[in-house]
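Since the structure comes first, as structure tokens, the remarks are kept for the end.
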Protein chains: 2
Amino acid sequence: MSMPDPDRTPPRRSRGRPRGFEPHEALDAAVRVFWAEGYEGASVNRLSRGMRMPKASLYQAFGDKEGLFLAAVHHYGDTRLVPVAQAIGPNGSLHDDLCAFYEAAVRLGTADPATPGCLISCVLAEVAGTNPRFRAELGARFTALETRLHSRLLAGRSEVIGDSDPAVLAVMLASVARGMMVRARAGADRDMLQAVGRATVDLISR
Amino acid sequence: MSMPDPDRTPPRRSRGRPRGFEPHEALDAAVRVFWAEGYEGASVNRLSRGMRMPKASLYQAFGDKEGLFLAAVHHYGDTRLVPVAQAIGPNGSLHDDLCAFYEAAVRLGTADPATPGCLISCVLAEVAGTNPRFRAELGARFTALETRLHSRLLAGRSEVIGDSDPAVLAVMLASVARGMMVRARAGADRDMLQAVGRATVDLISR
DNA sequence: TGATTTTCAGAACCTACAGTCTGCAAATGG
DNA sequence: CCATTTGCAGACTGTAGGTTCTGAAAATCA
């Protein structure tokens, strides 16, 4: 919980023995381990090793495994998802922005064969089945993307083909993205997924 | 592995003590437990209790937990997915068939709050991250749905709006379905998801 | 230097897990 | 009625899980 902000280095070294791990890289490693192996599949020992962070420090920083996972999800959002969401814009035309969005999403889901798909749609979604905290987190993240897409559609409503409800269209566009992420988990051809993204955009704009 | 066929009752009771569980219901219970709690989240003791099947019989029938999970996935496919796939038809117009497909999918993913989403897209997808057997199973199931949708699009190609590649369109339609299932895992409004299905169909046909 | 603070390494703890074994129960066949 | 077959309940096993603890290590401060 009290993981020091990796961006703001303290002006003067604090007292006590200095830590031997990099907070930012540690969280990033946790993201990769959870992403590849799932929540239950990733043991704390495995995480501790991957993060190069002693178990004692890990528990002091995050409380428990659940806290670590939630922190990893946030880090994943900040480092992986924010760029994808930013592609939505508005940056250029609606068509171009949505293409950029899908392109970024597909790249994310197929970048590393060790971490296929999306941490949110594939891993968080599974454990959301019974854990209410995880389910709330999942719902919030899903709603946030849909809201963002909805705003973008409203901003470019003149470029939308047809007369579908923009709110429904937003959920549909988000569903395509998530479906592609899940598809990538089984090892899908990246070019095929990119084509799916373009085809989707072509259906609703231009 | 040697689970007796629940459909073909043996003509004469075999020797030995008769089993005290219903094979069909046992597998169905396993489906629900895995569906709700995930693969790692469902312990064998929990499964044994839910299935009303002694652990010894369970191991004799399925070998190990992995075998039980795969059997549950197959049972889920036979009992839950086959009807959804059959809705694709061809039964009526392309538009109506696809609407029926999404309607059945959404009903499946939102029928029971204890088992939100889809066993394949939410649970099998997670464990497919590291387990090659599970990943192969996931890939096969995904490809099967896409192939079926592709065939349906080819059969009704005159009803398709636009000039998208039917193969790409098929993957896109499947992605929407999977994305909606994952969305349902966070507890989505059923009517909203139904609207998403209709909107998707309206984009490509009519 | 010594007191203090923080981190670290790894042992220790208890629980829960997947999987096995043993002995009894309940049926059939002769 | 006894042998045989099959299934069952639950104890058992060994391992791995998450979490805590202890004492040493490494830094600062006075």
(request) Looking only at side-chain atoms of B/Phe21, point me to the closest of C/dT4, D/dC8, C/dT28. (result) D/dC8
(message) Is the phosphate of C/dC8 approached by A/Ser57 (side-chain N or O, under 4.0 Å from OP1 or OP2)?
(response) yes
(request) Sort and list the pairs that fulfil side-chain hydrogen bond (donor to acceptor under 3.5 Å, both in side chains) and have at least one residue in residues 191-203 of chain A, not counting sequence neighbours. (result) A/His95-A/Asp202
(message) Whole angstroms only, please: what is the CZ-P distance between B/Arg15 and C/dT28?
(response) 10 Å
(request) State which residues pass side chain to side chain contact (heavy atoms under 4.5 Å, CB included) with B/Ala100; sequence neighbours excluded, sorted by chain then number. (result) B/Ala87
(message) Please determine whether a side-chain nitrogen or oxygen atom of B/Arg19 lies at a distance below 4.0 Å from atom OP1 or OP2 of D/dG7.
(response) yes
(request) Over 60° means perpendicular and under 30° means parallel, so classify the ring planes of A/Tyr39 and A/Phe34, tilted if in between. (result) parallel
(message) Just the rounded figure in Å: distance from C1' of C/dT20 to CG of B/Leu58.
(response) 13 Å
(request) Taking side chain to side chain contact (heavy atoms under 4.5 Å, CB included) as the test, write out the residues that go with A/Ser48, two or more places apart. (result) A/Lys55, A/Leu58
(request) Please state how far atom CZ in B/Arg46 lies from atom C1' in C/dA18, giving the value in whole angstrom units. (result) 17 Å
(request) Looking only at non-hydrogen atoms, find the nearest pair between B/Leu138 and A/Ala186 and report the distance. (result) CD2-CB, 3.6 Å
(request) Measure from CD on A/Gln60 to C1' on C/dT7 and round the result to the nearest Å. (result) 8 Å
(message) Between C1' on D/dA27 and CZ on A/Arg17, what's the gap in Å once rounded to a whole number?
(response) 9 Å
(request) Measure from NZ on B/Lys55 to P on D/dG10 and round the result to the nearest Å. (result) 12 Å
(request) Write down the distance between NZ (B/Lys65) and C1' (C/dT20), rounded to a whole number of angstrom. (result) 17 Å
(request) Between B/Tyr59 and A/Ala56, just flag the one whose closest nucleotide in DNA chain C comes earlier from the 5' side. (result) A/Ala56
(request) Could you check how far CZ of A/Arg49 sits from P of C/dG10, rounded to whole Å? (result) 13 Å
(request) Report the residues that fulfil side chain to side chain contact (heavy atoms under 4.5 Å, CB included) with A/Glu25, sequence neighbours left out, ordered by chain and then residue number. (result) A/Glu22
(message) Below 4.0 angstrom, which residues in residues 36-45 of chain B have at least one non-hydrogen atom near DNA chain C?
(response) B/Ala42, B/Ser43, B/Val44
(message) Please list all pairs meeting side-chain hydrogen bond (donor to acceptor under 3.5 Å, both in side chains) that have one or both residues in residues 76-88 of chain B, counting only residues at least two apart or in different chains.
(response) B/Asp28-B/Arg80
(message) Given D/dT19, D/dT4, D/dA9, identify the nucleotide with an atom nearest to the side chain of B/Pro54.
(response) D/dA9
